[in-house]
Amino acid sequence: MNSILKIEDLHVAVEDTPILKGVNLDIRQGEIHALMGPNGSGKSTLAYALAGHPKYEITSGKVEIDGTDIVELDPCERARLGLFLAFQYPVVIPGVKVADFIRHAVTNVRNPDRKEGENLMPMREFRKELKQRMEDLGMDTEFARRYLNEGFSGGEKKRMEILQMAMLQPKFSILDETDSGLDSDAVKVVAEGVNRLAGPGMGVLIITHHDRLLEYNIPQYTHVMLGGRIVETGDAELARELHNEGYQSVRERHPQEATDQLEPSAS
Amino acid sequence: MATDINEKEQVDIGEYQYGFHDSTDKYFFTSGKGLNEEVVAQISEMKGEPAWMRDFRLESLRIFHEKPMPNWGSDLNRIDFQNIHYFMRASERQGKTWDEVPEEIRKTYDRLGIPEAEKKYLSGVKAQYESEVVYGSLDEQLAEKGVIFTDTDSALKDHPELFREYFGTIIPPHDNKFAALNSAVWSGGSFIYVPPGVEIDFPLQAYFRINAQNMGQFERTLIIVDEGAKIHYVEGCTAPTYSSDSLHSAVVEIIVKREGRCRYTTIQNWSNNVYNLVTKRAMAYRDALMEWVDGNLGSQVTMKYPAVYLMEPGARGETLSIAFANKGQHQDAGAKMVHCAPDTSSRIISKSISKGGGRSSYRGLVRVEKNAARCKSNVVCDALILDAQSRSDTYPYIEVENDNVAIEHEASVSKIAEEQLFYLMSRGLTEAEASAMIVTGFIEPLVKELPMEYAVEMNRLIELQMEGSVG
Ligand SMILES: Nc1ncnc2c1ncn2[C@@H]1O[C@H](COP(=O)(O)OP(=O)(O)OP(=O)(O)O)[C@@H](O)[C@H]1O
Ligand SMILES: [Mg+2]
């Protein structure tokens, strides 16, 4: 059975300021969706709210994975249900080694019923798998010993996100501008990496301002966000159009949302 | 120093693990509660001290009464000086083997894992129980080389000249109120002399245990590292959990002579009812190195700022400190570096963790005297706050009288680790696992500096603190 992530009339506020104002979106396992929209339109807000960031308060609406409401769940419970977010700005965790962290995460996500303190995934098996995935992404295996994101270049951080995705094998991945800050070779590596993982087992929401990632991962759907709502949905052609022509025509077609977008806190 | 025994006995790992206590019925002597000239004179008499020490104590008591309570740092007004026992003798004499130590007391140290650690990696041990040292050992080869490692009471009797030459010269009684108190009622502590050129490779360890309720422990430690000598001294501390308060107020004086090296490591793990007010100071001479490694966990209030006075060119001072403030605790800790000579250098690295409503403060002073040209100092402090109820403050003081110096101070603005927690949790780690991982990573650079055994101990204590509150 194909899993489904259902987002229904989602409203999200940050520190009492409404940002998302009724988002509807269904993503099935195996589908690729692109989410575009001008800066500040609410794309990352949607990503954080789905992953369960405590600052992003869901004030109304529903988010379900296969009928299970996840709105009240902790981020870790959502991860164990198969949700993954590749961060636009990955967080630095000093002193925590990449391998230790991923081993812990993988163990938990693969055994959702694991209790704290129970055995981690066997070291040898883990190492072998991690090494393989790092090679797939053209990463020096030395990174496994480094502290998580500490001193990583922008592109290295993004690759580290994709490595985690590859190890965790989520059902639903949200990639928040994973392609920004990458040189063109790196975009290619990451895009191929996503492509390899994005088979029938994974539904992907690609948030992007560029087209390279979408060239390798052709979306069935493209959504445009403006002023905290999805205002248009099309196919891959829409993504290309927006990329070439910008958002002016979208703004003209949706003057109300365009105004919201300009003055987010005026209302 | 974990043993298998106490790990098995531990029922709820979140609780303070060393909170058990023994009966005090068989004690040889217990001073009544309260502080006055009679009590002080009695302590001196019990110990059979020379007149000069009795007079020193009585004079110190006078200074103690004169000095006001510090009006900075933590609130100390709850300390009731008249509700404290100032002297307790639990054992008639000091054991040279563990078999000579009274059984109840020996069992305590077994539970704390001291005899085991001694066998594995220590050059010598002193175990202080209440006011006095109940067990002492020193590697024979070191003794043959002239190393002295004894308790401070015995040193006064057995090495009177050496003792009198240095005692109270680094921290005189009028230094501060609690130094005066310690000088009046001091008992126990370690006395160490390392002769020129003797390098001690394995640590000497002292273990301080408070057992009775309303106990005041006032050990007095004096370490003299002669020219080119080297030592690593480690102290550990625990106490039972009582509802009423105990007071631990030690004085530690250290002299590191030319090219000598001294590292003093503290892994303090007092129960939450202990006021821990300690004065620690070292003087480092030409090309000498003094390092304080200070792990402050537990206690209700800790105020402690290990100091190094850099007395001659080439002297170096270093303090690495970790403070963990949990529920109901205030850790006011830091360091003091005083550059009294040119071409001296100092480094302070401080990390604090606040959690469950705990409060930690970094308080540090770097002082450069007028003649101390070309000296260098580097201060780095980092604070980690795990929840919105907890608090962290930084009070850096820098006093520079000379223009030709290089002083760096970096304080990372302490933020609640919310983004870090969210990031790790979004990968499937529970909140408890995520915060434990963040904390372990945060102190990693410091723990790395510890010898293996202590690094393991430190990580274990931190883990216990982390498990404590998660529900
Ligand atoms: N933590 C926050 N605190 C305050 N305001 C926030 C916060 N997060 C988002 N916002 C506001 O919400 C709006 C939407 O921001 P969001 O990051 O979701 O935009 P975006 O579509 O991802 O933009 P970009 O393309 O620049 O990444 C912006 O006006 C932003 O300032
Ligand atoms: Mg964004």
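Here the structure is a predicted model, which is why all the values come from computation and not from measurement. Residue numbers begin at 1 in each chain, while the letters A, B, ... track the order of the sequences.
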Would you say the ring centroid of B:Phe422 lies under 6.0 angstrom from that of A:Tyr56? no
Under 4.5 Å, counting heavy-atom pairs only, tell me which of [options] racks up the most with chain B.
options: A:Gly95, A:Ala79, A:Cys76; answer: A:Cys76
options: A:Leu85, A:Thr107, A:Val109; answer: A:Leu85
options: A:Pro75, A:Pro170, A:Gly52; answer: A:Pro75

Can A:Tyr147 and B:Glu444 be counted as having a side-chain donor-acceptor contact under 3.5 angstrom? yes
For side-chain contact (heavy atoms from CB on, under 4.5 Å), just list the numbers for A:His104 and B:Leu429, CA-CA rounded to whole Å, side-chain angles, deciding distance to a tenth of an Å, and then say yes or no. CA-CA 7 Å; A:His104 222 107; B:Leu429 270 60; 4.1 Å; yes
With heavy-atom distances below 4.5 Å as the criterion, would you say the side chains of [X] and [Y] are in contact?
X: A:Pro94; Y: B:Gln420; answer: yes
X: A:Ile93; Y: B:Met437; answer: no
X: B:Arg427; Y: A:Ile102; answer: no

For a side-chain hydrogen bond (donor to acceptor under 3.5 Å, both in side chains) check, start with the C-alpha distance between B:Glu418 and A:His53, then their side-chain angles and the critical distance, and finish with the verdict. CA-CA 9 Å; B:Glu418 196 178 29; A:His53 194 298; 5.4 Å; no
Is the number of heavy atoms from other residues, nucleotides or ligands within 6.0 Å of [atom1] ([X]) greater than 12?
X: B:Arg363; atom1: CZ; value: yes
X: A:Asp16; atom1: CG; value: no
X: A:Glu118; atom1: CD; value: yes
X: A:Arg127; atom1: CZ; value: no

Please classify the contact of B:Phe442 with chain A as side chain, backbone, both or neither, using a heavy-atom distance under 4.5 Å. backbone
Between [X] and chain B, which part of the residue has a heavy atom less than 4.5 Å away: side chain, backbone, both or neither?
X: A:Arg80; value: side chain
X: A:Asn111; value: neither
X: A:Leu148; value: side chain
X: A:Val92; value: backbone

Going through the checks in order, is the side-chain contact (heavy atoms from CB on, under 4.5 Å) test met by A:Phe84 and B:Ser426? CA-CA 7 Å; A:Phe84 179 87; B:Ser426 78; over 6 Å; no
Would A:Glu77 and B:Thr430 count as a side-chain contact (heavy atoms from CB on, under 4.5 Å) here? Give the steps. CA-CA 8 Å; A:Glu77 292 166 315; B:Thr430 64; over 6 Å; no
CG/A:Asp100 to OG1/B:Thr440 distance, rounded to the nearest 0.5 angstrom? 10.0 Å
Heavy-atom closest pair (A:Val91 atom, B:Glu419 atom, distance to 0.1 Å) is CG2-O, 3.9 Å
